[in-house]
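Quick notes on the structure that follows.
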Amino acid sequence: MAKRYTPTSAAAEVAAAIRLLEGRWKLVILFHLFGRKVMRFSDLERAIPNVTQKMLGQQLRQLEADSIVARKVYPQVPPKVEYRLTDWGQSLCPALDAILKWADRRRVPRRRRKLRP
């Protein structure tokens with residue numbers, strides 16, 4: 001049976017969901033991992049050139065703590081760490097795809113140029 005929401009409970013649930021995804025780089029990281037991709041830290045670093053190592057590490061730790069991303073460490077030297085989306089994280093793909101399509105439909109009004117006298 002589907003969960004029933006009131007406007008107040010729906011707003012609270014949406015706010016909680018957005019808190020899981022807030023952070024400048026989290027959505028970018030997710031888009032790179034969609035499609036069951038497995039990426040190493042250095043792969044993500046190269047794929048997102050403007051992110052610092054510190055910020056990438058923080059965002060990945062938060063996503064891992066929220067069970068959106070899984071981290072696998074291989075016992076070797078140098079250390080090898082891989083990241084992938086959990087099944088729950090992968091299930092975000094259709095929702096974020098819908099947001100992209102929604103944003104793409106936005107009609108931006110053209111600015112009229114003022115004619116000089």
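Just the heavy atoms: all of them, side chains too, but no hydrogens, waters or symmetry mates, feed the values below.
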Roughly how far, to the nearest 0.5 Å, is [atom2] of [Y] from [atom1] of [X]?
| X | Y | atom1 | atom2 | result |
| --- | --- | --- | --- | --- |
| Phe34 | Ile29 | CZ | CD1 | 11.5 Å |
| Asn50 | Met55 | CG | CE | 12.5 Å |
| Met39 | Arg84 | CE | CZ | 15.0 Å |
| Lys72 | Tyr83 | NZ | OH | 14.0 Å |
| Phe31 | Asp97 | CZ | CG | 7.5 Å |
| Asp104 | Ile99 | CG | CD1 | 13.5 Å |

*Worked verdict on Ile48 versus His32 for side-chain contact (heavy atoms from CB on, under 4.5 Å)*: CA-CA 9 Å; Ile48 311 167; His32 283 289; 3.7 Å; yes
_For Leu56 and Glu45: C-alpha separation, side-chain torsions, deciding distance, then whether side-chain contact (heavy atoms from CB on, under 4.5 Å) applies._
CA-CA 7 Å; Leu56 180 59; Glu45 203 173 22; 4.1 Å; yes
*Kindly state each residue pair satisfying side chain to side chain donor-acceptor pair (under 3.5 Å) with at least one member in residues 34-43, sequence neighbours excluded.*
Arg36-Asp87, Asp43-Arg46
*With no hydrogens and no angle check, is any side-chain donor or acceptor of Gln90 less than 3.5 Å from a backbone partner on Leu85?*
no
*asked:* Looking at Ile68, is its backbone amide N or carbonyl O close enough to the side chain of Thr86 to form a donor-acceptor pair, meaning the two atoms are under 3.5 Å apart?
replied: yes
*Any chain of hydrophobic side-chain contacts (each under 4.5 Å) joining Leu92 to Ile18?*
no
*Using salt bridge (charged side-chain N to carboxylate O under 4.0 Å, His left out) as the criterion, list what pairs up with Lys3, not counting sequence neighbours.*
Glu13
*Give the intermediate values and the outcome of side-chain contact (heavy atoms from CB on, under 4.5 Å) for residues Leu60 and Leu44.*
CA-CA 10 Å; Leu60 284 166; Leu44 286 165; 4.0 Å; yes
*asked:* Can you list everything that forms a side chain to side chain donor-acceptor pair (under 3.5 Å) with Thr6? Sequence neighbours excluded, please.
replied: Ser9
*Given side-chain contact (heavy atoms from CB on, under 4.5 Å), test Asp66 with Leu21 step by step and report yes or no.*
CA-CA 10 Å; Asp66 291 329; Leu21 300 174; over 6 Å; no
*Between the side chains of Glu82 and Tyr74, does any donor sit under 3.5 Å from an acceptor?*
yes
*Mind checking whether Gln58 and Trp25 have side chains closer than 4.5 Å, heavy atoms only?*
no
